[in-house]
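Just so it is clear, the structure is predicted and the values come from calculations on it, not from any experiment.
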Amino acid sequence: MDVLYFAWVRERVGLPREAVETEAATVADLVAELSAREERYAVAFSDMAAIRVALDQELADLDAPLQGVREVAFFPPMTGG
Amino acid sequence: MDVLYFAWVRERVGLPREAVETEAATVADLVAELSAREERYAVAFSDMAAIRVALDQELADLDAPLQGVREVAFFPPMTGG
Amino acid sequence: MGVKVQAEDFDLGAELAALRAGRTDIGALVSFSGLVRDTAGGQPISGMELEHYPGMTEKALSQIEAEAHTRWPLQASLIIHRYGPLAPGDQIMMVATASLHRAAAFEAAEFLMDYLKSRAPFWKKEAIGAGARWVDARDTDEEALSRWR
Amino acid sequence: MGVKVQAEDFDLGAELAALRAGRTDIGALVSFSGLVRDTAGGQPISGMELEHYPGMTEKALSQIEAEAHTRWPLQASLIIHRYGPLAPGDQIMMVATASLHRAAAFEAAEFLMDYLKSRAPFWKKEAIGAGARWVDARDTDEEALSRWR
């Protein structure tokens with residue numbers, strides 16, 4: 001599964017995208033798995049209230065299932081316009 | 001005093017402006033005086049709810065005094081924009 | 001701030017570009033333009049004649065614009081309104097408002113339009129077939145003012 | 001209808017002219033454009049970097065535009081949003097809406113802006129002095145969405 005990071009999430013994780021092998025059932029499970037893996041993920045995901053998630057380019061909740069999902073993205077609240 | 005007419009009020013009265021000699025105290029008095037003078041005024045002023053008034057280019061009410069006023073205008077509700 | 005009452009057409013893009021030219025303090029720019037439609041109430045319109053009250057028109061528009069500046073922090077604004085004969089597709093008028101944030105710019109533009117509609121001395125006469133008809137003021141236009149009281 | 005996501009600047013006047021070119025069925029045309037300001041929270045801004053999520057951006061903007069067309073009778077609409085480096089005074093984005101009457105055109109433009117602000121994946125980073133700072137989302141932007149529910 002491709003995992004993408006944008007804005008300060010990207011800066012804290014240290015890369016814009018990566019391929020991740022995971023059996024995580026939900027977005028929250030994936031966040032926990034990555035945070036346990038390395039400190040930089042734990043830092044990026046330390047306040048999940050400040051993180052938005054998109055699954056295959058549609059906004060989703062933290063408890064959304066990852067079954068069949070090809071692209072997960074993590075980013076801060078949007079500030080366009 | 002100059003009296004001006006616009007849109008269908010102008011068409012019914014038959015002219016865009018005229019000088020009127022009057023002792024009328026209020027707009028309503030002037031309307032009554034003109035309506036009594038000739039049928040075309042009576043027709044133009046037959047429904048005063050459909051008439052707006054400006055005194056020296058400021059919107060005013062029917063009972064507004066004419067003292068010191070140089071220009072009176074009668075017209076339908078505005079439809080610009 | 002600026003008010004123009006004219007028979008000639010205007011260049012909406014050039015007016016908006018001029019409004020912000022050389023400025024770096026504007027965050028939000030809103031424009032409204034009114035256009036002549038080819039139908040009214042289901043009937044085809046071949047054109048329109050816009051009558052106005054020279055002198056009072058400029059005064060009323062300037063008052064409305066000044067009132068908008070007292071209500072919202074506007075960096076710039078513009079009102080242009082045409083008079084005379086107009087054809088379907090022609091521009092009738094425009095307003096533009098510039099502010100730091102979008103809410104003020106949108107609200108001020110709507111305020112200008114609501115007041116201009118019912119308080120600036122313009123009257124539209126639509127040409128329908130061989131005849132012509134004065135456009136009636138809409139109750140909803142007068143009601144729109146209640147939002148700002 | 002149209003959505004453009006691009007690094008290049010756009011010509012607001014040309015876009016608005018194209019939207020109504022050859023048409024006589026539009027009565028009201030509203031535009032909003034967002035510009036880079038030279039200060040933020042009292043601090044001078046020397047520029048801005050706009051990051052976005054290619055692919056999702058276009059999809060999100062198209063969904064927001066389609067939703068506006070289900071809510072209001074729009075004859076035309078357009079959304080342009082830039083990304084990449086921008087300087088104070090630069091245009092960031094624009095929306096335009098065309099309808100028969102002003103209320104629909106104004107409301108649809110405000111709806112597009114409110115949803116675009118909080119639902120389209122763009123992130124602003126402001127350059128301040130030698131450093132840079134990600135712009136925080138404003139609570140008022142999220143609250144603005146409640147108007148449309």
Atom group of C:A109 that falls short of 4.5 Å from chain D, counting heavy atoms: both
Note, C:L16 side chain near D:S31 side chain (heavy atom, < 4.5 Å): yes
Among D:G89, D:S33, D:P88, residue most engaged with chain C (heavy-atom pairs, under 4.5 Å): D:S33
Parallel, tilted or perpendicular: rings of D:F106 and C:F32 (30°, 60°): parallel
Heavy-atom contact with chain D under 4.5 Å, split by part of C:A28: both
Per-residue contact mode, C:L100 against chain D (heavy atom under 4.5 angstrom): both
Pick from D:M94, D:R37, D:H101 with the largest number of heavy-atom pairs that fall under 4.5 Å of chain C: D:R37
Heavy-atom pair count under 4.5 Å with chain D, highest-scoring of C:K117, C:Q91, C:R20, C:M113: C:R20
Per-residue contact mode, C:V30 against chain D (heavy atom under 4.5 angstrom): both
D:E107 side chain near C:E110 side chain, heavy-atom distance below 4.5 Å: no
Structural part of C:L12 lying under 4.5 Å from a heavy atom of chain D: side chain
Spacing of CZ belonging to C:R102 relative to CG belonging to D:D114, to within rounding of 0.5 Å: 4.5 Å
C:D38/D:R23 under salt bridge (charged side-chain N to carboxylate O under 4.0 Å, His left out): CA gap, chis, key distance, verdict: CA-CA 9 Å; C:D38 57 10; D:R23 302 187 66 158; over 6 Å; no
